[in-house]
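Notes to accompany the following structure.
Chain identifiers are assigned alphabetically (A, B, ...) following the order of the sequence lines, protein sequences preceding nucleic acid strands; residue numbering begins at 1 within each chain.
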Protein chains: 2
Amino acid sequence: MSEQQTEQEFLASYNIHDYDIPLTSVDMAIFTLHDEQVHVLLVKRAQHPALGQWALPGGFIDISSDKTLEQTAQRKLKEKTGVDTPYLEQVATTGNHHRDPRGWSVTVSYFALIAHNEFQLQKDASSDQVVWVPVDDVSSTYTLAFDHQEILQQCYERLRNKVQYTSLPVNLLPQEFTLTELQKTFEIILGKSVEKKSFRRRLLDADILEETGSTRKGSNRPAKLYRVKPEGESHFFPRNIEGPR
Amino acid sequence: MSEQQTEQEFLASYNIHDYDIPLTSVDMAIFTLHDEQVHVLLVKRAQHPALGQWALPGGFIDISSDKTLEQTAQRKLKEKTGVDTPYLEQVATTGNHHRDPRGWSVTVSYFALIAHNEFQLQKDASSDQVVWVPVDDVSSTYTLAFDHQEILQQCYERLRNKVQYTSLPVNLLPQEFTLTELQKTFEIILGKSVEKKSFRRRLLDADILEETGSTRKGSNRPAKLYRVKPEGESHFFPRNIEGPR
DNA sequence: GTAATAGTGTCTATTAGACATTATCTT
DNA sequence: AAGATAATGTCTAATAGACACTATTAC
């Protein structure tokens, strides 16, 4: 009986290895924009299980170096892309007895948004190859390890939903961008065109952007450059974007 | 080197107890409506650690009986309230090295919405006392174990956010209810009044309710009773509810 | 000047809030 | 009938879409 036991005594005799507990890992969908398409990063697994199969980057929590779950995700992202400060959002946690051949397994999924100009692909011990794939082509071109196809779908769906009522797509552009570039970004994720005036009103009235003072010059009227204000990377609009009627 | 090892060989020699891995648990905020206030269920812990402290119901995944993470949550809910089919939503996963004295710990949090008439409190081995507390009173009246105060806040904030653009509050009412009762439910969670005609338009135009055919009689004109259509328990409206201008 | 893209003015359609009015019940 | 709550009609205000128009550059 534990009635008389103090918490100190309990902890002193507690050994996690005495229990049957699930594996816990982190997996992430790293999205970027390229060639007018959303791309996701895949890695070829260099270790068992599912050795040689394509998968989302991810791995186990390193309880000696990671202080938080988010740090685990940040570390994975840095290992693969060199990117330090992305937009990172936890999506869901999937756990069941059949998703990993090693046994009952839990994985926390995140998605990251990074600008196409800001990463540098890395090789590391746990993956010999790394590739960017247009998200819409993944299911027809690759067979992903474990349940990563489903996890990718969840992450992509979260992104596509949130583009309707948040400012998230600003995180796919470099620090400075024009409103036309931003509009194009929204349109790509939404999969439909957006009316220019409505779009500009929506973004400018939200007061989440500021002019940099400089312009992007082309073979025409120069476009004002904007950057995101501190709180603007995840602004919630009170209505969904509607698109053409 | 593992170059020559097959996956079968790898799995045969794999032993989870060889690794230092985090604890993984499930915690939940079970909400119901009572006395025109949102209440949450707290349990007094009957086991170490934090023995005797109030906490959110939760516990470890039972890898021999739970097939999925959601089943773990369902099981906990059933153990405490007897409720079988609530509205259950995963909120977030918190993991770090300091939240539990036993070591690196991950917890997946859920919230459940149940009707006040549908539960029956249970006692079980892991908690000697169970109590419903108005959510707004928890922080001033109880000191919760671990980081459960924060987890509760996350769950409650998710609920308060989603009441603005979803139909979630229908899950806090019995199967049959009047529009006035539903409006009151929205108002309690929102913390402000809602205009009657706008509210009715919003709900009825969404086509997520159906008339039961009967009415609730009082000392006045009887009110039509409605039930939620199959997909209506989590309808997303294209705009936030606004409330008085 | 023309071509091209950036940026604006303004009309219309839609819809939520306000609130007065009507409907249906009990006593 | 009086009192109460349910339910609706309809006006107004706010705002998003449509789209024509103006602005500023390169050539």
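Between B:Glu195 and B:Glu181, the residue whose closest nucleotide on DNA chain D is further toward the 5' end is B:Glu181. In terms of position along DNA chain C, the nucleotide closest to A:Lys224 lies nearer the 5' end than the nucleotide closest to the other residue of the pair A:Lys224 and A:Arg239. Heavy-atom distances to DNA chain D give each of A:Gly218 and A:Val194 a nearest nucleotide, and the one nearer the 5′ end belongs to A:Val194.
In the set D:dA23, D:dA16, D:dT10, D:dT10 carries the atom at the smallest distance from any side-chain atom of B:Lys197.
Atom NZ in A:Lys217 sits roughly 7 Å away from atom P in D:dA26 (whole-Å rounding). Per the geometry, CG belonging to B:Asn220 stands 19 Å off P belonging to D:dA1, to the nearest Å. Atom CZ in A:Phe199 sits about 15 Å away from atom P in D:dA18, given to the nearest Å. Remark: C1' of D:dA18 and CD of A:Glu242 are 13 Å apart, rounded to the nearest angstrom. Computed from coordinates, the A:Gln183 CD to D:dA18 C1' distance equals 14 Å when rounded to whole Å. Whole-Å rounding puts the A:Ile241 CD1 to D:dT15 P distance at 16 Å.
The local environment of NZ in B:Lys67 is sparse, with at most 12 non-hydrogen atoms from other residues, nucleotides or ligands closer than 6.0 Å.
Stacking of B:Arg158 on the aromatic ring of B:Phe111 is not recorded, the 6.0 Å distance cut-off and the 45° axial limit not both being met. Under a cutoff of 6.0 Å and an axis angle of 45°, A:Arg202 and A:Phe237 form a cation-pi pair.
For DNA chain C, the outermost nucleotides in 5' to 3' order that have an atom under 4.0 Å from a heavy atom of chain A are C:dA4 to C:dT10.
Not one side-chain nitrogen or oxygen of A:Ser198 sits closer than 4.0 Å to the OP1 or OP2 atom of D:dA16. The side chain of A:Arg201 places no N or O atom within less than 4.0 Å of a non-bridging phosphate oxygen (OP1 or OP2) of D:dT15.
Every ring-ring contact (aromatic ring centres under 6.0 Å, His included) that A:Phe186 has, sequence neighbours left out, goes to A:Phe199. Legend: residues meeting salt bridge (charged side-chain N to carboxylate O under 4.0 Å, His left out) with A:Glu181, ordered by chain and number and at least two apart, are A:Arg216.
Below the 3.5 angstrom threshold, one finds a donor paired with an acceptor across the side chain of B:Lys196 and the base of D:dA7.
The minimum heavy-atom distance linking B:Lys192 with B:Glu242 is given by the pair NZ-O, 3.2 Å.
Residue-level contact check: B:Thr215 touches neither bases nor backbone, having no heavy atom under 4.0 Å from any strand.
For the residue pair B:His39 / B:His34, no side-chain donor-acceptor distance below 3.5 Å is found, with atom types taken as modelled.
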